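Let me begin by presenting the structure, written as structure tokens, before commenting on it.
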Amino acid sequence: MAAKKFSNMLASLDLGHIVLKNRVLMGSMHTGLEDQKSLSAMGEYFAERARGGVGIMVTGGIAPNVQGAVAPFAAKMSTRKEMERHKDVTGPVRDAGGVIAMQILHSGRYAYHPLAVAPTKKKAPIAWFTPSELSNRAIESTIDDFVKTAVLAREAGYHGVEIMGSEGYLINEFLAKETNKRTDQWGGSYDNRTRLATEIVSRTRQAVGNDFIIIFRLSMLDLVPGGSEWSEIVELAQKIETAGASIINTGIGWHEARVPTIATCVPRAGFAWVTKKLKGEVSIPLCATNRINTPQVADEVLADGCADLVSMARPFLADPHFVNKAAEGRDHEINTCIGCNQACLDHTFAYKRASCLVNPLACYESELKITPVAAGRKMKVAVVGGGPAGLACATTCAERGHDVTLFEASDEIGGQFNMAKKIPGKEEFYETIRYFTHRLASTGVSVRLNTEVSSTELMEAMPNAVVMATGVLPREIDLPVLQDGPSVPKVYSYIDILRGKATAGKRVAIIGAGGIGFDVAEYLTHSTHTEEGKGPDLNAFLDEWGIDGEYKQRGGLAKDGPKDITPPRQVVLLQRKHGKAGATLGKTTGWIHRAQLKKRNVKTYSGVEKYLGIDNEGLRVTLKSADGKLVEDNMLIPCDTVVVCAGQLPLRELEEPVKELGLPMKFFRIGGAEKAGELDAKVAIDQGVRLAAQIEDAQSGQVFNTPPSEGEKYMKMFTKFLR
């Protein structure tokens with residue numbers, strides 16, 4: 001009999017009083033649903049993942065008291081009234097056959113409010129407020145609050161709790177010398193610094209009994225100066241086991257760490273080696289985490305003995321039915337998390353409701369319904385353009401029962417994703433194209449490649465609705481040749497470079513320092529480019545970011561820091577805007593992109609008032625300061641190649657001819673065809689799905705976007721109040 005596919009991942013796990021049906025833990029994510037007045041949407045969100053087959057789920061962080069809340073109006077459970085609301089979460093999950101634990105998180109000095117507390121009065125580099133130092137009495141009260149919240153969670157119907165002891169939050173702050181300067185029983189020696197963690201776990205176990213799961217999230221790799229050393233990690237893990245934890249989950253990196261831990265540039269399962277190092281030191285199950293996003297990777301982590309469970313968080317935003325699809329041999333149908341952070345973590349830190357770039361239904365399960373089209377209302381839909389917006393719209397329309405034809409001018413689907421996938425660190429975009437390739441087939445979309453459709457062809461097709469998902473054209477700029485000759489730089493569009501139509505020289509000037517400019521700079525400063533199925537190399541990643549792969553140094557940071565990188569080209573980024581380059585990049589990934597280019601000696605210039613032209617020496621520009629003063633006229637940027645990344649224009653050349661036909665059809669625009677600006681796949685896919693969900697009722701020309709969330713409104717009020 002052949003071995004079952006993904007047998008390690010799908011094996012059950014006996015915790016004594018309960019058996020988990022597989023080794024998959026859906027990791028904690030703050031989505032914003034936990035902060036709403038009603039928790040029914042949160043209940044449906046988790047119930048959908050329970051129906052999708054996940055073994056155990058962990059909620060976003062719930063504070064044990066006001067001081068521990070991550071922000072004003074953020075989720076807390078310290079009263080019976082707050083507990084009762086959570087029955088709207090646990091009830092649907094239990095009805096769906098799921099197992100769920102509530103994470104108890106005290107934000108410590110990371111709190112975005114003036115009531116922040118910490119072991120020592122020391123402001124975090126990423127925080128707004130300096131915390132107050134906890135007194136002995138306040139520490140005891142905080143322990144009591146953790147215990148009380150765990151008891152309330154049990155009464156609310158949760159199967160367990162996860163005690164958040166990592167990522168630089170309160171418990172983690174007590175563990176590290178850098179953030180704990182106390183000289184009493186809560187500081188000084190490591191035994192004292194671990195006291196808060198062990199007391200919380202021990203007293204919680206005494207209060208909830210033995211038939212309740214306690215997960216402890218342990219920071220196994222701090223990635224900050226002065227972090228824990230390995231012997232301390234082992235000592236803490238053993239103490240946590242003795243105190244009564246059921247599972248130890250891996251935490252990687254403090255939030256203030258200047259090392260990427262979950263972004264796309266991190267190799268798949270790039271930190272599983274850390275969890276494996278702890279195997280054999282404790283007897284309770286260990287859970288590996290970070291950048292595990294396919295069943296193949298999850299199964300390999302377990303097969304290699306790195307852990308007893310695997311934690312995946314964002315992959316369940318991308319596809320709630322990840323586990324069932326894997327178990328049923330449909331893993332090719334999984335909508336894979338690409339690690340972009342654009343709709344999840346970037347939203348969280350902007351106090352917006354989280355979702356997912358590749359799955360806009362995530363966290364909107366109660367509002368955005370994809371239902372079969374009613375009898376007699378089936379439409380013929382023509383979608384023009386096979387990029388992210390068009391693919392999302394076409395497949396969702398077809399899923400609902402509409403008759404859909406997708407027209408794509410090129411010989412492949414994917415649009416701008418076919419360029420994005422070539423950027424080092426963005427190889428996961430291959431997965432999204434793979435997913436939509438299968439989804440087009442499974443939903444029955446008629447796909448016509450190499451078809452630059454005309455208005456006449458559309459008239460012959462007689463659709464009831466035409467969706468323009470034609471994307472964008474790169475904006476051209478006037479760049480005169482000031483002096484002709486053999487050394488005048490070649491001028492190309494970013495499309496020429498990324499599609500392999502042109503090759504850049506050794507000295508490159510990039511006009512435009514937005515997302516595309518940064519991508520092109522990243523592409524040009526790497527010596528090699530990975531292919532489909534091959535992500536970043538682990539050893540190269542550890543070297544580039546200064547991570548001690550042997551874990552001999554405190555905090556896991558290499559003694560000599562990151563290794564130098566010799567780029568194959570000299571690259572300069574220029575932008576008209578003043579301020580730092582890449583200011584519009586994502587909050588949680590922008591700093592990574594800026595750091596990567598800095599490592600590769602990419603120079604940046606802001607405040608370019610005019611691009612004067614090119615001559616035998618390179619590109620000539622005029623620089624001005626933010627107040628309009630001349631900085632340098634006729635400044636030379638030595639280069640042999642100029643790449644233009646100066647924005648985009650919506651591609652709408654088919655629009656007027658179609659409208660002039662005067663046919664009784666609806667007409668819509670989505671994605672870049674609706675609004676070019678900075679290319680935004682998140683908005684494009686969201687618009688496509690939202691239109692498809694209601695296309696038969698939509699009025700011609702309507703555009704559907706995600707509405708503002710409650711948290712976003714509250715934080716705007718709070719920020720305005722502070723100012």
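Note that this is a predicted model, so its numbers are computed, not measured.
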Donor-acceptor contact present, side-chain Thr264 to main-chain Gly339, <3.5 Å:
yes
His255 versus Thr261: any side-chain heavy-atom pair under 4.5 Å?
no
Side-chain touch Thr194/Glu232, heavy atoms, less than 4.5 angstrom:
no
Of all the heavy-atom pairs spanning Ala362 and Ser355, show the shortest one and how long it is.
O-OG, 2.9 Å
Any donor-acceptor pair under 3.5 Å from Lys422 side chain to Leu498 backbone:
yes
Just how far is it from atom NE2 of His438 to atom CG of Asn335, taken to the nearest 0.5 Å?
12.0 Å
Which residues pass the side chain to side chain donor-acceptor pair (under 3.5 Å) test with Tyr45, not counting sequence neighbours?
none
Glu256/Arg109 salt bridge by N-O under 4.0 Å criterion:
yes
Find the distance between CE (Met312) and CG (Asn290) and round it off to the nearest 0.5 Å.
12.5 Å
Using every non-hydrogen atom in the two residues, find where Met26 and Phe46 come nearest and quote the distance to one decimal.
CE-CE2, 3.9 Å
Can you name the closest pair of heavy atoms from Thr589 and Cys340 and give their distance?
CG2-O, 3.8 Å
Could you work out, with salt bridge (charged side-chain N to carboxylate O under 4.0 Å, His left out) as the rule, every residue matching Lys598, not counting sequence neighbours?
none
Where do Glu178 and Arg554 land on the side chain to side chain contact (heavy atoms under 4.5 Å, CB included) test, with the steps shown first?
CA-CA 11 Å; Glu178 288 295 309; Arg554 185 172 285 278; over 6 Å; no
Heavy-atom nearest pair, Ala50 first then Gly98, reads CB-CA, 3.7 Å
Qualifying residues under salt bridge (charged side-chain N to carboxylate O under 4.0 Å, His left out), relative to Glu173, sequence neighbours excluded:
none
What's the verdict on side-chain hydrogen bond (donor to acceptor under 3.5 Å, both in side chains) for Thr588 and Asn341, showing C-alpha distance, side-chain angles and the deciding distance?
CA-CA 7 Å; Thr588 62; Asn341 287 359; 3.2 Å; yes
Side chain proximity check, Asn359 to Leu317, heavy atoms < 4.5 angstrom
no
Does the side chain of Thr250 reach to within under 4.5 Å of the side chain of Leu286, using non-hydrogen atoms?
no
Mind checking what makes side chain to side chain contact (heavy atoms under 4.5 Å, CB included) contact with Lys587, not counting sequence neighbours?
Asp346, Phe349
Work out which heavy atom in Leu170 is nearest to a heavy atom in Pro119; give both atom names and the distance.
CD1-CD, 4.1 Å
Any salt bridge between Glu428 and Arg291, counting N to O under 4.0 Å?
yes
Is the closest basic N to carboxylate O distance between Lys5 and Asp299 below 4.0 Å?
no
Does anything in residues 289-309 form a ring-ring contact (aromatic ring centres under 6.0 Å, His included)? List the pairs, not counting sequence neighbours.
none
Ring-face cation of Arg203 near Phe146 (centre distance under 6.0 Å, axis angle within 45°)
no
Check: Glu365 side chain, Cys363 main-chain N or O, donor-acceptor pair, under 3.5 Å:
yes
Stepwise side chain to side chain contact (heavy atoms under 4.5 Å, CB included) check, Arg314 with Ile262:
CA-CA 10 Å; Arg314 296 170 300 168; Ile262 60 171; 3.4 Å; yes
Please assess Arg434 against Thr336 for the test side-chain hydrogen bond (donor to acceptor under 3.5 Å, both in side chains), listing each intermediate value before the final yes or no.
CA-CA 9 Å; Arg434 182 266 312 153; Thr336 304; 2.7 Å; yes
Hey, is Lys426 close enough to Glu522 for a salt bridge, meaning N to O under 4.0 Å?
no
Do Pro225 and Leu557 have side chains that get closer than 4.5 Å, going by heavy atoms?
yes
Mind running side chain to side chain contact (heavy atoms under 4.5 Å, CB included) on Asp331 and Phe6 for me, showing each step along the way?
CA-CA 10 Å; Asp331 46 296; Phe6 312 127; 3.9 Å; yes
Within-4.5 Å side-chain heavy-atom neighbours: Lys559 and Asp548:
no
Lys177, NZ atom: more than 12 neighbouring heavy atoms under 6.0 Å
no
Judged by atom type as modelled, is there a donor-acceptor pair below 3.5 Å linking the side chain of Ser166 to the main-chain atoms of Leu218?
no
State whether the side chain of Arg23 and the backbone N or O of Asp308 hold a donor-acceptor pair below 3.5 Å, judged by distance alone.
yes
Taken in chain and number order and not counting sequence neighbours, the residues that satisfy side chain to side chain donor-acceptor pair (under 3.5 Å) with Arg195 are Asn192
Any ring-ring contact (aromatic ring centres under 6.0 Å, His included) involving residues 212-253? Give me the pairs, sequence neighbours left out, ordered by first then second residue.
Trp230-Tyr551
Sorted by chain and residue number, the side chain to side chain donor-acceptor pair (under 3.5 Å) partners of Arg94 (sequence neighbours excluded) come out as His159
Check whether any side-chain heavy atom of Leu25 lies under 4.5 Å from a side-chain heavy atom of Ile215, and answer yes or no.
yes
Partners passing ring-ring contact (aromatic ring centres under 6.0 Å, His included) against His17 (at least two apart in sequence or in another chain):
none
What closest approach, in Å, do Met102 and Thr149 show between heavy atoms, and which atom pair accounts for it?
CE-CG2, 3.5 Å
Would Lys239 and Thr198 count as a side-chain hydrogen bond (donor to acceptor under 3.5 Å, both in side chains) here? Give the steps.
CA-CA 7 Å; Lys239 287 181 175 181; Thr198 56; over 6 Å; no
Looking at Lys325 and Asp319, is there a salt bridge between them, counting it only when a charged N and a carboxylate O are closer than 4.0 Å?
yes
Pairs of donor and acceptor atoms involving the side chains of residues 51-64, under 3.5 Å and at least two apart or interchain, shall be tabulated with distances.
{"residue": "Arg51", "atom": "NE", "partner": "Glu48", "partner atom": "OE1", "Å": "3.3"}
{"residue": "Arg51", "atom": "NH2", "partner": "Glu44", "partner atom": "OE2", "Å": "2.6"}
{"residue": "Arg51", "atom": "NH2", "partner": "Glu48", "partner atom": "OE1", "Å": "2.9"}
{"residue": "Thr59", "atom": "OG1", "partner": "Gln103", "partner atom": "N", "Å": "3.1"}

Side chain to side chain donor-acceptor pair (under 3.5 Å) filter on Lys552, not counting sequence neighbours, yields Glu550
Could you go through the side chain to side chain contact (heavy atoms under 4.5 Å, CB included) check for Leu309 and Asn249 one step at a time?
CA-CA 9 Å; Leu309 299 97; Asn249 194 4; over 6 Å; no
Would you list the pairs meeting ring-ring contact (aromatic ring centres under 6.0 Å, His included) in which at least one residue belongs to residues 263-321, sequence neighbours left out?
Phe316-Phe322
Taking atom CG as the centre, does Asp564 end up with more than 12 heavy-atom neighbours from other residues, nucleotides or ligands that are less than 6.0 angstrom away?
no
